[in-house]
Protein chains: 2
Amino acid sequence: MEEDVKPTATLETAEGRTSRHPRRPDLSRSRILEAAVAEFSTKGFAGARVDEIAAKAQIGKRMLYQYFGNKEQLFQAVFEKVYTDIWEAEANLNLQNMPPRDALVALVTFVWRYYMAHPEFTKLLNEENMLGARHFRSSKVLREGSDKSQFLTEDILARGVADGTFRPDIDPVQLCLTKNAICYYYLMNHATSSHVYQRKLMTREALDARLAFNIETILAMVLARPVDDAASPTALPSHKDRSQELPD
Amino acid sequence: MEEDVKPTATLETAEGRTSRHPRRPDLSRSRILEAAVAEFSTKGFAGARVDEIAAKAQIGKRMLYQYFGNKEQLFQAVFEKVYTDIWEAEANLNLQNMPPRDALVALVTFVWRYYMAHPEFTKLLNEENMLGARHFRSSKVLREGSDKSQFLTEDILARGVADGTFRPDIDPVQLCLTKNAICYYYLMNHATSSHVYQRKLMTREALDARLAFNIETILAMVLARPVDDAASPTALPSHKDRSQELPD
DNA sequence: CAGCGTTGTAACTATTCAGTCACTTATATC
DNA sequence: GATATAAGTGACTGAATAGTTACAACGCTG
């Protein structure tokens with residue numbers, strides 16, 4: 001990336017014809033994408049600047065439009081990339097061979113570490129939701145490919161129920177959402193939370209403690225317990241109809 | 001807010017000199033704030049348009065700048081408002097007189113319902129974190145006033161431990177974060193989640209089911225259990241140093 | 001009612017930004 | 001090597017948009 005590629009080349013060509021424009025279509029494309037991931041994830045869709053992306057990618061804006069059409073489609077490509085990336089990583093986990101409890105712990109640990117290592121994923125997921133998931137909806141790749149974690153979780157739960165480790169009445173989707181939630185919220189909102197709770201939340205120790213707490217939380221929810229009606233839904237307080245409908 | 005305040009008043013005054021400008025500084029100010037909450041929460045800081053806010057507030061842009069200085073300070077005022085609002089609501093809960101378990105359930109229920117009824121709060125909290133909490137930091141009101149939920153939770157936990165209902169080793173801050181997380185994530189990210197899990201997440205039934213699940217999750221974590229080492233941290237798989245430091 | 005600070009309006013400015021154009025250069029194929 | 005096509009560039013454009021200015025009207029205080 002740092003060879004002396006002269007911008008418009010041959011201006012000062014001492015020798016005859018300089019190889020002014022080393023054509024690297026694929027490289028250019030991936031550089032644009034990489035720059036766009038950084039820009040969109042730090043500044044959001046509206047805050048992101050196309051010129052910034054082009055500059056970071058060290059290409060002309062023109063090529064960006066050639067490859068991706070416009071800002072909207074570029075965002076879609078970016079979102080597709082980060083989502084398929086995490087799906088791929090997830091697919092390589094191989095939890096089928098582990099005992100259900102270990103598998104569940106490994107899954108939570110994976111999500112935690114992935115979100116930590118890839119803040120751009122959570123930021124972009126967030127942004128996409130602010131935009132009403134319109135890119136998700138219009139993306140063939142995302143609509144057809146699908147998150148395996150629901151099925152991974154289903155499988156783990158089923159095995160755990162079969163061998164008596166887990167409660168039989170856990171909804172895998174709810175569990176997935178909770179698992180993601182407790183990792184995501186902490187990492188996304190640590191800036192305000194660290195002020196509110198007046199505690200450093202991003203030190204090594206704090207991060208380790210959070211992972212441990214998250215694992216405990218998930219396990220506490222699914223582990224079979226001696227007849228304990230403690231958490232039965234019937235114990236809910238009146239939740240009357242204050243809920244308002246939001247479009248789904 | 002909804003009395004018949006004529007926007008620019010007496011426009012249709014049949015008689016000579018119209019009383020063009022009914023002065024209502026306080027009303028104007030609150031109308032601007034209200035409009036700004038809506039605009040910032042739906043479009044984010046970068047996506048929000050000052051002219052839109054002025055239009056929604058039925059006011060000239062001039063007054064907006066007079067009252068709030070600039071877009072940045074307006075956002076700060078907005079964020080201060082929604083945050084102090086939820087603190088106030090929280091303070092009125094009166095959980096001190098309830099048995100610890102009921103109090104905890106009531107607290108989770110409150111957060112869930114508040115987030116449901118005030119999507120602008122979660123959206124703005126989110127935006128503020130994307131902006132690195134810079135408005136939080138520079139806000140005297142927010143730095144001095146503080147979230148009671150940590151102390152509420154501390155009190156509830158202490159009482160529960162005392163009467164044997166709860167485990168003695170729960171960190172109230174972690175519990176608060178988890179409580180907020182499981183409510184927040186579901187409501188913020190339902191747009192993509194409903195596609196990923198191919199399930200309607202915002203129907204009355206789904207919302208009720210989620211609240212029930214969230215209550216169960218929190219209770220499962222804190223309720224005292226017969227000697228069960230199930231969730232002990234020692235059971236963690238090696239979590240080696242793959243974690244990378246992020247600034248706090 | 002005179003004077004004055006505050007509340008308001010409308011038009012304006014300077015900038016920023018997504019997207020385009022005219023044109024050049026490299027590379028693949030014949 | 002000729003030719004076509006793809007890769008690339010810098011300057012440009014038109015539309016938004018944050019923030020300002022000149023000016024008018026209100027209504028309070030003396």
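Convention: sequence-line order gives letters A, B, ...; per-chain numbering from 1. Values below: every heavy atom of this structure, side chains too, minus hydrogens, waters and symmetry copies. Not measured: the values here are computed from a predicted model.
Side-chain nitrogen and oxygen atoms of A:S28 include none within less than 4.0 Å of the OP1 or OP2 phosphate oxygen of D:dA7. B:Q66 has a side-chain polar atom (N or O) that falls below the 4.0 Å cut-off from OP1 or OP2 of C:dT7.
Counting only N and O atoms by type, the side chains of A:E80 and A:H135 include no donor and acceptor under 3.5 Å apart. Looking only at atom types and distance, the side chain of B:N126 has a donor-acceptor partner in the side chain of B:Y184 under 3.5 Å away. No hydrogens or angles considered: nothing links the side chains of A:E128 and B:T192 as a donor-acceptor pair under 3.5 Å. In summary, the side chains of A:Q174 and B:R210 do present a donor paired with an acceptor at a separation below 3.5 Å, with no hydrogens or angles considered.
Rounded to an integer number of Å, the gap from CD of A:Q58 to C1' of D:dG8 is 14 Å. Per the geometry, CE belonging to B:M63 stands 15 Å off P belonging to D:dT20, to the nearest Å. With rounding to whole Å, B:I59 atom CD1 is found 7 Å from C:dT9 atom P. Residue B:R29 contributes atom CZ, which lies 11 Å from atom P of C:dT7 at whole-angstrom precision. Across the protein-nucleic acid pair, B:Y67 atom OH and D:dG19 atom P stand 19 Å apart, rounded to whole Å. Distance B:R31 CZ to C:dT7 P: 15 Å, rounded to the nearest Å.
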request  = Sugar-phosphate atoms are those with a prime plus P, OP1 and OP2; base atoms are the rest. Using that split, label each nucleotide of nucleotides 10-20 of chain C B, S or - for protein heavy atoms under 4.0 Å, 5' to 3'.
outcome  = B------SBBB
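Nearest heavy-atom pair, A:T153 versus A:P172, reported as atom, atom and distance to 0.1 Å: CG2-O, 4.1 Å.
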message = For a salt bridge (charged side-chain N to carboxylate O under 4.0 Å, His left out) check, start with the C-alpha distance between B:D171 and A:R199, then their side-chain angles and the critical distance, and finish with the verdict.
response = CA-CA 12 Å; B:D171 178 344; A:R199 183 189 287 194; 2.8 Å; yes
